[in-house]
2 protein chains.
Amino acid sequence: MSPEDHSAPPATPGKTRLSRELVLSAALALVDAEGLDALTMRRLGQELGRDPMSLYRYAANRAALLDGVSELVLDELDIIPDDPDWQAQLRRIAHDLRLLALRHPNVVPLLVTRPLSTPLGLRPLGTLRPLEQILSLLIDAGFAPEDALHVYRAYYGYLYGHILNELQEFVVDPDENEALLRLGLHRLPPKEFPRLRALAPVLADYDGMAELDEGITILVSGLAARLPLPGASTKP
Amino acid sequence: MSPEDHSAPPATPGKTRLSRELVLSAALALVDAEGLDALTMRRLGQELGRDPMSLYRYAANRAALLDGVSELVLDELDIIPDDPDWQAQLRRIAHDLRLLALRHPNVVPLLVTRPLSTPLGLRPLGTLRPLEQILSLLIDAGFAPEDALHVYRAYYGYLYGHILNELQEFVVDPDENEALLRLGLHRLPPKEFPRLRALAPVLADYDGMAELDEGITILVSGLAARLPLPGASTKP
DNA sequence: GCCTAGAGTCTACGTTGTAGAGAAGTTGTT
DNA sequence: AACAACTTCTCTACAACGTAGACTCTAGGC
């Protein structure tokens with residue numbers, strides 16, 4: 001019962017100086033906990049025990065803040081370009097990214113959407129790093145640069161697609177998943193959606209990891225087959 | 001110069017009664033022309049020459065309006081389940097959807113993002129129709145229902161991934177594409193992004209259609225290979 | 001003519017992002 | 001210790017947003 005009652009549940013209680021990292025990680029925590037809409041300047045300010053306006057020292061505006069959150073999340077992904085077995089690498093990274101998406105489902109819309117409104121070269125560097133690193137990995141493994149780009153595109157395309165797919169079917173609470181699904185699907189007119197309704201039980205237990213793994217296998221072996229065999233030098 | 005002058009540039013100047021179709025197509029036009037952020041209730045009302053509040057007769061709230069726009073766009077895609085050649089069908093649909101995305105790039109974030117916040121069964125019906133139809137197509141072609149679901153997931157996953165990829169590199173004005181790209185990439189620190197910078201010219205001329213086609217080929221033949229051969233009955 | 005239902009409008013409220021001026025706090029120089 | 005220069009944080013204010021609730025207007029049926 002002190003006169004100034006600043007009990008800060010997740011916030012920094014005292015008066016430590018702010019920093020970009022502090023702001024961004026508070027933003028990420030907020031998004032993880034309550035979704036993208038909860039991330040308003042005012043709310044974040046309150047979470048940090050500061051005036052909302054103070055945030056503008058660390059992010060030019062709300063959009064930049066969102067970019068910062070994307071960057072922060074992507075930094076959790078580490079790509080170590082040691083292993084020369086590119087297929088194994090791509091598989092591992094795919095699983096890592098999938099887990100990362102499951103850990104921060106509310107951030108995925110950002111990851112997927114923000115690049116659409118920013119020209120490639122003007123994106124936050126943290127966002128481009130995975131691209132650079134995977135290119136590097138592939139080229140080191142023996143791909144010609146252009147082919148590496150093609151492989152990257154097919155790979156990342158499928159990977160993001162899968163993540164979106166899986167997150168769509170994941171919804172809220174995994175324990176209630178089946179019930180919710182049945183409930184939801186029950187609403188569909190049986191004449192128009194016989195197939196979907198019939199597949200309800202199958203939809204209910206969806207093993208995203210296994211499915212991703214199969215997809216990667218198909219894609220990677222398909223790619224390997226139609227490209228100049230890796231391992232051989234590409235110099236003339 | 002008749003008293004009721006209903007020439008509609010984008011708006012209906014006279015006093016024709018509103019309808020859901022009218023509202024939604026005006027909304028779509030607005031999004032296509034000026035982006036998602038331009039679609040506010042007030043702005044759309046003004047575009048239709050009506051009070052913003054009148055829109056609430058035709059969409060429960062802004063989110064529902066966005067759903068309506070998604071639905072409207074997806075209705076442009078028609079899946080005719082006649083051709084028993086599922087591979088050709090999937091390829092055709094993929095190209096159709098790609099073109100649709102290029103026609104309405106500003107809607108793509110909606111297509112990709114809104115399902116993430118809505119349980120499958122509660123989505124607008126128009127959004128689920130492609131899923132149902134593709135399932136139907138695959139099952140008719142001889143796939144067991146569960147396998148059809150797997151094929152669908154891999155296919156749609158890759159397809160959406162590709163579209164996102166392509167739209168990211170497309171940006172604004174295709175004529176300035178190369179210049180913009182170089183300009184943008186020039187900003188990147190050479191030490192950190194050597195591969196990306198070196199690939200600038202290749203990035204500049206990106207043939208999305210060809211790339212999609214190759215990817216589909218790989219995926220579809222991969223899928224065909226590892227599934228019980230289609231055409232044969234799946235009954236024991 | 002009036003009556004009723006639906007379509008469209010008006011007013012108002014709370015919340016949002018952020019510009020601009022100022023206060024408070026920190027650091028370096030003497 | 002005293003000042004100045006800079007950074008960081010706060011205060012106030014404004015325009016624009018979504019939308020609740022009560023109103024008016026219009027079109028048909030009698």
Side-chain angles (χ1 to χ4, degrees), chain A residues 4-6 8 11-28 30-31 33-70 106 109-110 113-114 117-118, chain B residues 3-6 8 10-28 30-31 33-70 106 109-110 113-114 117-118:
Chain A
E4 29 177 47
D5 179 17
H6 44 46
T12 57
K15 278 290 161 186
T16 72
R17 192 97 124 279
L18 284 184
S19 70
R20 185 170 162 85
E21 292 73 39
L22 243 166
V23 169
L24 289 184
S25 61
L28 175 55
L30 189 52
V31 171
E34 307 188 29
L36 275 179
D37 290 342
L39 180 55
T40 71
M41 304 306 264
R42 289 171 150 93
R43 178 69 197 281
L44 182 55
Q46 160 184 339
E47 213 73 22
L48 288 162
R50 291 295 193 308
D51 187 281
M53 276 304 169
S54 63
L55 304 175
Y56 285 88
R57 295 278 150 192
Y58 307 99
N61 48 42
R62 183 163 188 271
L65 202 133
L66 295 178
D67 279 337
V69 172
S70 296
N106 295 334
L110 282 188
T113 273
R114 302 246 358 118
S117 38
T118 323
Chain B
E4 29 176 50
D5 176 18
H6 45 47
T12 55
K15 278 293 160 186
T16 70
R17 193 93 126 279
L18 284 185
S19 70
R20 184 169 163 87
E21 291 74 38
L22 243 167
V23 169
L24 289 185
S25 62
L28 175 56
L30 189 52
V31 170
E34 306 188 30
L36 273 179
D37 290 342
L39 180 55
T40 71
M41 303 308 263
R42 288 170 148 95
R43 178 71 196 281
L44 182 56
Q46 161 184 338
E47 214 71 23
L48 288 163
R50 291 296 193 306
D51 188 281
M53 277 304 161
S54 63
L55 305 175
Y56 286 88
R57 297 271 157 198
Y58 307 99
N61 48 42
R62 183 165 187 271
L65 202 134
L66 295 179
D67 279 337
V69 172
S70 297
N106 295 333
L110 281 188
T113 273
R114 302 241 2 113
S117 39
T118 322

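In what follows, chains carry the letters A, B, and so on, assigned in the order in which the sequence lines appear, proteins first and then strands, with residues in each chain numbered from 1.
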Identify every side-chain donor-acceptor pair in residues 57-66 of chain A under 3.5 Å, counting partners at least two apart or on other chains, and give the distances.
| unit_1 | atom_1 | unit_2 | atom_2 | d |
| --- | --- | --- | --- | --- |
| A:Y58 | OH | A:L18 | O | 3.4 |
| A:N61 | OD1 | A:A63 | N | 3.2 |
| A:N61 | OD1 | A:A64 | N | 2.9 |
| A:R62 | NE | A:L39 | O | 3.1 |
| A:R62 | NH2 | A:L39 | O | 3.0 |

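For A:L18 and D:dT7, the CG to C1' distance is 13 Å, given to the nearest whole Å. The CZ atom of B:R20 sits 18 Å away from the C1' atom of C:dG8 (whole-angstrom rounding). Straight-line distance from the CG atom of A:D51 to the P atom of C:dA19: 14 Å, rounded to whole Å. In this structure, A:Q46 places its CD atom 18 Å from P of D:dC9, rounding to the nearest Å. Whole-Å rounding puts the A:L22 CG to D:dC9 P distance at 10 Å. Here C:dG6 presents its P atom at 12 Å from OH of B:Y58, a figure rounded to the nearest Å.
Partners of B:N106 according to the side chain to side chain contact (heavy atoms under 4.5 Å, CB included) rule, which considers only residues two or more places apart in sequence or in another chain, are B:V31. Partners of A:S25 by side chain to side chain contact (heavy atoms under 4.5 Å, CB included), not counting sequence neighbours, listed by chain and number: A:L72. Among residues two or more places apart in sequence or in another chain, the side chain to side chain contact (heavy atoms under 4.5 Å, CB included) test is passed with B:R42 by B:T40, B:P52. Under the side chain to side chain contact (heavy atoms under 4.5 Å, CB included) criterion, A:E21 pairs with A:S19, sequence neighbours left out.
The closest side-chain heavy-atom distance from B:E34 to B:R43 is below 4.5 Å.
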### Task
Summarise protein proximity over nucleotides 17-27 of chain D in one line of letters, 5' to 3': B for base, S for sugar-phosphate only, - for none, counting protein heavy atoms closer than 4.0 Å.
BBBBB------
